[in-house]
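Structure first, commentary second.
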Amino acid sequence: MTGQVRTVDGRVAGRRGQATRQKLLDCLSEMLSSSPYRDVKVIDVARKAGTSPATFYQYFPDVEGAVLEIAEEMAKDGAGLTELVSDRSWVGKAAKQASEELVEGFLDFWRRHDAILRVVDLGAAEGDKRFYKIRMRILGSVTGSLTDAVKELQAKGRVDKDVNPAAMAGALVTMLASVASHQKGFQTWGVKQAELRPNLALLVHLGITGKKPAK
């Protein structure tokens, strides 16, 4: 953990305090993986962390406040998704590789952070601007890079001028997020992960380049 960590009343937390705070966040993250967000109570988080509710309230105003902390950390990790698409070539075999790596990275990120992303999606759907901004930060960076990719291809005459780069990029990223959050559901349709990923990569490739991948 870097930087100063403060308690709710503004005091700087010492090393033990930081460790306690992190343990509370870790326990909350674990509970979100197995319990509905609304069912998680401060007393349960504190008990799991081996401390008291009073200690929890030293670091967080409530469960929602702690959840937002976890979501912020997750969003920082999500910034790495941009590296999957920025400064990539979307021509020939390089485009096929870029599509595949974007899909792999996106689905893996969603699986790693599945529990907190479900809470973020719930909060955003309910109109909570804090969760909405976190969600848009994660998706926005990837959308921006894909928008630039389409614009570059248009400038070179490789993509039709009628295509709206931002609309295409936004549609693809929204599709990826929706599929990523529904990965388990595909199994009920008889679709395996090994089948899902290449087909998703094909859609990304078609969306960005307007063509099937080079063989």
Side-chain angles (χ1 to χ4, degrees), residues 1-9 13 15-82 84 103-143 173-188 193 196-197 200:
M1 188 177 295
T2 59
Q4 288 188 336
V5 174
R6 296 184 179 274
T7 59
V8 171
D9 61 9
R15 188 174 297 176
R16 283 186 61 187
Q18 291 185 38
T20 298
R21 182 181 185 277
Q22 188 59 48
K23 188 173 184 180
L24 286 164
L25 289 175
D26 291 343
C27 289
L28 175 56
S29 293
E30 190 178 332
M31 293 176 73
L32 290 173
S33 298
S34 57
S35 304
Y37 166 52
R38 305 296 187 197
D39 291 348
V40 177
K41 308 299 181 187
V42 169
I43 190 170
D44 298 323
V45 179
R47 184 181 294 125
K48 189 174 184 63
T51 186
S52 67
T55 299
F56 179 97
Y57 286 119
Q58 284 182 21
Y59 302 104
F60 311 105
D62 46 32
V63 170
E64 187 174 76
V67 166
L68 282 165
E69 288 284 339
I70 297 171
E72 286 288 351
E73 287 301 313
M74 176 269 298
K76 291 177 184 177
D77 186 30
L81 291 172
T82 312
L84 297 171
V103 168
E104 289 285 335
F106 215 95
L107 296 187
D108 289 345
F109 172 80
W110 231 264
R111 191 169 59 249
R112 284 200 313 275
H113 299 288
D114 176 62
I116 189 63
L117 279 163
R118 277 189 280 108
V119 177
V120 169
D121 283 348
L122 175 63
E126 291 180 343
D128 190 315
K129 292 182 179 179
R130 298 168 301 175
F131 287 114
Y132 175 77
K133 287 179 179 178
I134 290 172
R135 190 176 196 278
M136 292 308 293
R137 263 168 50 202
I138 297 167
L139 303 184
S141 56
V142 182
T143 302
V173 171
T174 303
M175 174 190 72
L176 285 172
S178 180
V179 172
S181 64
H182 193 69
Q183 290 183 67
K184 294 179 181 177
F186 278 88
Q187 295 174 11
T188 64
Q193 281 289 313
L196 173 62
R197 297 188 178 213
L200 201 52

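Values in this document were obtained by computation on a predicted structure and should not be read as measured data.
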Quiz item: Taking it one step at a time, do E72 and R137 satisfy salt bridge (Lys or Arg N to Asp or Glu O under 4.0 Å)?
Solution: CA-CA 10 Å; E72 286 288 351; R137 263 168 50 202; 3.0 Å; yes
Practice problem: Decide side chain to side chain contact (heavy atoms under 4.5 Å, CB included) for Q183 and R197; before the verdict, give the C-alpha distance in whole Å, the side-chain angles of both, and the deciding distance to 0.1 Å. | Solution: CA-CA 10 Å; Q183 290 183 67; R197 297 188 178 213; 4.2 Å; yes
Practice problem: Kindly determine whether L117 and I138 satisfy side chain to side chain contact (heavy atoms under 4.5 Å, CB included), including the steps that lead there. | Solution: CA-CA 10 Å; L117 279 163; I138 297 167; 4.1 Å; yes
Practice problem: Evaluate the side chain to side chain contact (heavy atoms under 4.5 Å, CB included) criterion for residues R38 and L122: first the C-alpha distance (whole Å), next the side-chain angles of each, then the deciding distance (0.1 Å), finally the verdict. | Solution: CA-CA 11 Å; R38 305 296 187 197; L122 175 63; 4.1 Å; yes
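Aromatic ring pairs are classed by plane angle as parallel below 30°, tilted from 30° to 60° and perpendicular above 60°; the pair H182 and F186 is perpendicular.
If you take CG on L139 and CZ on F106, they are separated by 5.5 Å, rounding to the nearest 0.5 Å. Rounding to the nearest 0.5 Å gives a distance of 4.5 Å between CG of L200 and CE of M175. The distance from atom OG of S33 to atom CD1 of I116, rounded to the nearest 0.5 Å, is 9.5 Å. Summarising the geometry, atom CG belonging to L32 is positioned 8.0 Å from atom CZ belonging to R118; distances are rounded to the nearest 0.5 Å. Interatomic distance, CZ of R111 versus OG of S181, reported as 13.5 Å (0.5 Å rounding). Annotation: the span from M74 atom CE to S29 atom OG amounts to 10.0 Å, rounded to 0.5 Å.
The shortest side-chain heavy-atom distance between I70 and V119 does not fall under the 4.5 Å cut-off. With contacts defined as side-chain heavy-atom distances shorter than 4.5 Å, the pair K48/D44 does not qualify. Residues T20 and Y59 form a side-chain contact, since some pair of their non-hydrogen atoms from C-beta on lies under 4.5 Å apart. When side chains are defined from C-beta on, I134 counts as touching L68, because their heavy atoms get closer than 4.5 Å. Proximity of L25 to E73: side-chain heavy atoms (C-beta onward) are nowhere separated by under 4.5 Å. Taking 4.5 Å as the limit, some side-chain heavy atom of I43 sits within range of a side-chain heavy atom of R47. Counting only heavy atoms from C-beta outward, the side chains of D128 and E64 approach each other to under 4.5 Å. Contact check for F56 versus T51: no side-chain heavy atoms found under the 4.5 Å cut-off.
The two atoms that bring V40 and V45 nearest to each other are CG1-CG2, 3.6 Å, heavy atoms only. The heavy-atom pair separating A177 from W110 by the smallest distance is CB-CH2, 3.8 Å. The two residues D121 and R135 have their closest heavy-atom pair at OD1-NE, 2.7 Å. Pairing each heavy atom of L28 with each of A66, the nearest pair is CD2-CB, 3.5 Å. The two residues L24 and A49 come nearest to each other via the heavy atoms CD2-CB, 3.7 Å.
Classification of D108 and R112 as a salt-bridged pair fails, no side-chain N sitting under 4.0 Å from a carboxylate O.
Remark: Y37 OH is packed, more than 12 non-hydrogen atoms of other residues, nucleotides or ligands lying under 6.0 Å away.
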